[in-house]
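As the structure is a prediction and not an experimental result, all values here were calculated from the model. Starting from 1, each residue takes its place in the sequence as its number. Whatever order the structure lists ligands and atoms in, that order sets their numbers, starting from 1.
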Amino acid sequence: MRGAVLYGPRDIRFEERATPTIRESTDAVIRISATCVCGSDLWPYRGVNPITQPTPMGHEYCGVVEEVGRDVTRVRPGQFVIGSFFASDNTCPNCHAGYQSSCQHKQFVGDAQAPLLRVPLADGTLVPTREVPSEDMIPSLLTLSDVMGTGWFAADAAGVKPGATVVVVGDGAVGLLRVLSASQMGAERIIAMSRHESRQKLAREFGATEVVAERGEKAVARIRDLTNGIGADSVLECVGTPESMAQALGSARAGGSVGYVGVPHGVTLDGEKLFYKHVHLHGGPAPVRRFLPELIEFVWNGKMNPGRVFDLELPLDQVAEGYRAMDERRAVKALLRP
Ligand SMILES: [Zn+2]
Ligand SMILES: [Zn+2]
């Protein structure tokens, strides 16, 4: 089997890797229908997170079950399944609380840019669809594995309610899908922060009512202007830089909420500033598993089409071009089909 392996900054290769097999009795092996490149894959790709050894890549996946271990009872070969980037048992106290990405037995699923994938804790991790979906539904179902699930979590964590004013910081794929999430949750005003015309357009398609192109303090001032000096009820942060976090905190009203799902790089918070902000902070790696059943229904019934976020589709063996296109911001998100 050949799959994607990252060797160092901007050096991703499609090369021979061991074919996954059932190792534990709770594993499943799935044949990937589609996978993709994540914004978070760009951190190691750009060398921001150092790579110490050749590392298989990919954590967003959906596909058809090939084989299951003897203790797997809830999924069976032939089913189409979607799972999260963290395998979880879905039975421990953290899972029961809805935080499967903090499962006591969580395992990262990190080698999905390949034709076959081993998924640990298959019963807790994988959610089957009612039948094998049509080809055109696969991109939308794939987004539920991370990017859409993460967008949904950001909106959920920021307490988006019908009628709310929402600010979305970041116009990457997750940012755009947070716009879609907030819109689906009934937000009245959705202010997207974006400087890129094509992304502004997609943000509006997904439900943004206003776009702010400014950055940093100017952006915060603009949000204050647009909200009569008050700030937004819910702010969704998905970049993970000190600037984006400051922008998010600055945009929230007193008593408002910031949902943050961008993996932080160098973000520190000033306790005193935070104290006087009166703001709710909730975020982290999205417990995608919690939302899968509901989001699968939305996609299945045509209530949302998050697959529109993919603006590049490549055969899996051209995975390197997928990374390049996203790194150079020629593409929002690259879909890969084996
Ligand atoms: Zn991801
Ligand atoms: Zn658990």
Count up the protein N, O or S atoms sitting under 2.8 Å from the Zn ion (ligand 1), would you?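 Considering protein N, O and S only, the Zn ion (ligand 1) has 4 within range.
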Of all the atoms in His96, is at least one N, O or S atom closer to the Zn ion (ligand 2) than 2.8 Å?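 Checking the Zn ion (ligand 2) against His96, no N, O or S atom falls under 2.8 Å.
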Measure from the Zn ion (ligand 2) to each N, O or S atom of His105 and report whether any distance is below 2.8 Å.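 Here the distance criterion (N, O or S atom, under 2.8 Å) is not met by His105, so no.
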Glu60 pairs by side-chain contact (heavy atoms from CB on, under 4.5 Å) with which of Leu336, Leu335, Val147?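 Output: one option passes, namely Val147.
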side-chain contact (heavy atoms from CB on, under 4.5 Å), paired with Met57, selected from Val37, Val319, Val5, Ile12: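 Among Val37, Val319, Val5, Ile12, the one meeting side-chain contact (heavy atoms from CB on, under 4.5 Å) with Met57 is Ile12.
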In terms of side-chain heavy atoms, does [X] have a donor or acceptor partner in [Y] at a distance below 3.5 Å?
X: Thr26; Y: Asp71; answer: no
X: Asn90; Y: Gln100; answer: yes
X: Thr73; Y: Asp123; answer: yes

Angle subtended at the Zn ion (ligand 2) by Cys103 SG and Cys92 SG, rounded to 10 degrees: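 Centred on the Zn ion (ligand 2), the SG/SG angle is 120° (to 10°).
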Find, among atoms of Asp89 that are N, O or S, the one nearest to the Zn ion (ligand 2), and state its name.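 When I compare the N, O and S atoms of Asp89, OD1 is nearest to the Zn ion (ligand 2).
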Does NZ or CZ of Arg13 fall inside the cone over Tyr7's six-membered ring, less than 6.0 Å from its centre and within 45° of the axis?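 Yes, Arg13 sits over the ring of Tyr7.
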Arg199 with Asp311: basic N within carboxylate O range, under 4.0 Å: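 No.
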Measure up the His282 and Tyr99 rings against each other and bin them: parallel (under 30°), tilted (30 to 60°), perpendicular (over 60°).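 Tilted: the ring planes of His282 and Tyr99 meet at 30° to 60°.
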